[in-house]
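Values in this document were obtained by computation on a predicted structure and should not be read as measured data. We name chains A, B, ... by the order of the sequence lines, and we start the count at 1 in each one.
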2 protein chains.
Amino acid sequence: MKTARRKAEATNRLLARLPDLDRRRLLAKSTSVQLRTTDVLYERGKRIREVYFPTGGSISLIATLHGHDRLQVGLVGDEGMLGTSLVLGVTVSPTLALVQDCGTAWQIDAASFREELECSVALRGCLQRYVHVVMCQSAQTVACTRFHVVEARLARWLLMTRDRAHSDHFHSTHESLATILGVRRAGVTHAAGSLQQQRLIRYSRGEITVLDHHGLEASACACYVANQDTYARVMN
Amino acid sequence: MKTARRKAEATNRLLARLPDLDRRRLLAKSTSVQLRTTDVLYERGKRIREVYFPTGGSISLIATLHGHDRLQVGLVGDEGMLGTSLVLGVTVSPTLALVQDCGTAWQIDAASFREELECSVALRGCLQRYVHVVMCQSAQTVACTRFHVVEARLARWLLMTRDRAHSDHFHSTHESLATILGVRRAGVTHAAGSLQQQRLIRYSRGEITVLDHHGLEASACACYVANQDTYARVMN
DNA sequence: CGTGGTTTGTACGGTGCCCCACGAAAAAAC
DNA sequence: GTTTTTTCGTGGGGCACCGTACAAACCACG
């Protein structure tokens, strides 16, 4: 089942910041692709072949430990990009990149991207600032994962995903949420059940609806707002 | 009390990678400063006035949450630099930077540093790669903090600090280790006591000595080696 | 030599989450 | 319509770590 999405706003907010000329030159080398849930865009330690600028949906950045422990360390939507490593001159991905919520993105091959990076000062500046945002959010996530309880972290994730979906409705099972939050599936069921009882969300077999996003913000840890602030402060 | 250190090797490993000319130009604008334990070099959200290239000792990068929860998200020594944000064109520090282990560093004011960054391709390339290393290590730390027990994380920290001190002996109380690891002081006492009983370390009133670093590696989580591998892979 | 501050040892009850496991209910496949 | 798969609910025992608190050991200093 697909969620209704405002296709009219199919833009990427990073690209939107570029001067018209720079953006048009970049888009000329890009193709619009569909991102489908569970698609693997990058694998840890493997070469980055394409860069993505999502215009809808969201992609998880997932850290993998020796062993089978996994955990989400970042979430990318139309406010960001996939392939920050290339901005730093590194061609290998440090994390697994997994499509969480289906959508579309501009796709550019790595070589063309690096060419554009060379000749556009605005592109470099914008993307380097975005890299900094990712670093800040990563630091925040370290502390968040350590100190905050599952229910608050789940609420934060729901809000972040809602923002990127541009919709109160999106898809994710308890199982996949367990991987994202780095907890047991049963732990997610418990936390999600609590949020549902408070009438903040409603869900059924992977279909999640945010009923009261203000209430959800109250349940979420302050990391949600902190990340938004970081983005606004650094990018402006 | 000071630890004996090999002053002969007072170099920074990032700077050592630069072509002679670029390095000399950078050092011409730098001054050598002493870093003393508990010195605050950066504060969260505040302007970065100087950049540091440590040549000894180590500096903690510490994330602060709303509330009083704190946690180390990075450790910088002569293998790295302080002020990565400036490499990305951002002049504000995302974390608190606290001197853990006394030592020396090359200090450069922000403006001069940015000038050098403009005109040296090698400097940009080297430091951007280092930024990538920091991102990788941060992602690793998110998962490590979530999944690994205190004793393993403590062992990892001891090894990392030992590398940066270039000595088996260095200073840190259980109290400060508690902040670094994001646990209670009593938790550190327990874990440290266990490591001491295994004859891997010895400590007394903040003076720590690593007795068996191979044994310590076995007690530490794989994140220690993983971070070393990342550094070697990305920087070479 | 006593006093005060710092550092470390330890104990107790509590909690958040783990591991394991089973069952139920809804959707999908046949 | 029956079977298989996916998703979700729940329970019991256990463990790592928490919050708190108190005491002992050690060092610095008057």
Side-chain angles (χ1 to χ4, degrees), chain A residues 1-2 37-38 65 67-72 100 142-158 169-198 201-209 219 221, chain B residues 1-2 37-38 65 67-71 100 142-158 169-198 201-209 219-221:
Chain A
M1 196 223 278
K2 289 283 165 56
T37 305
T38 73
L65 245 37
H68 304 87
D69 295 326
R70 285 182 167 191
L71 178 54
Q72 186 188 72
Q100 280 295 315
V142 178
C144 177
T145 305
R146 172 69 193 80
F147 292 111
H148 296 151
V149 296
V150 175
E151 187 172 326
R153 292 202 288 134
L154 173 60
R156 175 187 163 203
W157 184 90
L158 290 167
H169 185 81
F170 43 88
H171 184 95
S172 185
T173 67
H174 291 188
E175 188 69 49
S176 71
L177 278 169
T179 303
I180 288 168
L181 300 175
V183 297
R184 290 169 316 146
R185 199 262 313 154
V188 174
T189 301
H190 186 77
S194 168
L195 293 178
Q196 180 160 248
Q197 258 189 339
Q198 297 170 59
I201 63 169
R202 191 177 49 206
Y203 65 89
S204 160
R205 303 189 70 71
E207 299 302 320
I208 301 176
T209 306
S219 288
C221 50
Chain B
M1 194 223 275
K2 289 284 165 56
T37 306
T38 72
L65 244 38
H68 305 87
D69 295 326
R70 286 181 165 190
L71 178 55
Q100 280 296 313
V142 178
C144 176
T145 304
R146 172 68 191 82
F147 293 112
H148 297 150
V149 296
V150 174
E151 186 170 327
R153 292 202 289 135
L154 173 60
R156 176 188 163 201
W157 184 89
L158 291 167
H169 185 81
F170 43 88
H171 183 94
S172 186
T173 67
H174 291 189
E175 188 70 49
S176 71
L177 279 168
T179 302
I180 288 168
L181 300 175
V183 297
R184 291 171 314 150
R185 200 263 313 153
V188 174
T189 301
H190 185 77
S194 168
L195 293 177
Q196 181 161 250
Q197 256 189 343
Q198 297 170 60
I201 62 170
R202 189 177 48 206
Y203 64 89
S204 158
R205 301 188 71 72
E207 298 303 318
I208 302 176
T209 306
S219 288
C221 51

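Partners of A:T189 under the side-chain contact (heavy atoms from CB on, under 4.5 Å) rule, at least two apart in sequence or in another chain, are A:H174, A:R185. Residues meeting the ring pair (Phe, Tyr, Trp, His ring centres under 6.0 Å) test with A:F147, sequence neighbours left out: none.
The nearest pair of heavy atoms linking A:A143 to B:L71 is CA-CD2, 3.8 Å. A:A192 and A:Y203 make their closest contact through O-CE2, 3.6 Å (heavy atoms, listed as atom of the first residue, atom of the second, distance). Nearest heavy-atom pair, B:R202 versus B:Q196, reported as atom, atom and distance to 0.1 Å: CA-OE1, 3.4 Å. The nearest pair of heavy atoms linking A:C144 to B:L65 is N-CD2, 4.3 Å.
As rounded to whole Å, 14 Å separates atom P of D:dA16 from atom CZ of B:R153. The separation between A:H171 atom NE2 and D:dT7 atom C1' is 10 Å, rounded to whole Å. Computed from coordinates, the B:L154 CG to D:dC17 P distance equals 11 Å when rounded to whole Å.
Atom CZ of B:R156 sits about 12.0 Å away from atom CG of B:L158, to the nearest 0.5 Å.
The residue among A:T189 and B:V150 whose nearest nucleotide of DNA chain D lies closer to the 5′ end is A:T189. Toward the 5' end of DNA chain C, the nearer of the two residues B:Y203 and A:V149, judged by each one's closest nucleotide, is B:Y203.
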When you compare the protein's N or O atoms with those of nucleotides 19-26 of chain D, which come within less than 3.5 Å of each other, and at what distance?
residue : atom : partner : partner atom : Å
D:dG19  : N7   : B:R184  : NH1          : 3.2
D:dG19  : O6   : B:R184  : NH1          : 2.9
D:dC26  : O2   : B:R205  : NH2          : 3.3

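The closest donor-acceptor contact from the side chain of B:T173 to the backbone of B:S176 lies under 3.5 Å. At distances below 3.5 Å, at least one donor-acceptor pair connects side-chain atoms of B:H169 with backbone N or O atoms of B:I208.
Among the heavy atoms of the strands lying under 4.0 Å from B:G206 are primed sugar atoms or P, OP1, OP2 only; no base atom is included.
Chain A approaches DNA chain C over the interval C:dC17 to C:dA27, counting the first and last nucleotide 5' to 3' with an atom under 4.0 Å from its heavy atoms.
The shortest distance between the side-chain N/O atoms of A:R146 and the OP1/OP2 oxygens of D:dC18 is below 4.0 Å.
A:V150 is not listed as a side-chain neighbour of A:H190, based on a closest heavy-atom distance of 4.5 Å or more.
Each end of the helix from C:dC1-D:dG30 to C:dC30-D:dG1 gets its own axis from five base pairs, and the two axes differ in direction by 30°, given to 10 degrees.
Evaluation of the side-chain hydrogen bond (donor to acceptor under 3.5 Å, both in side chains) test over residues 145-154 of chain B, restricted to residues two or more places apart or in two chains, returns B:E151-B:S194, B:E151-B:Q198.
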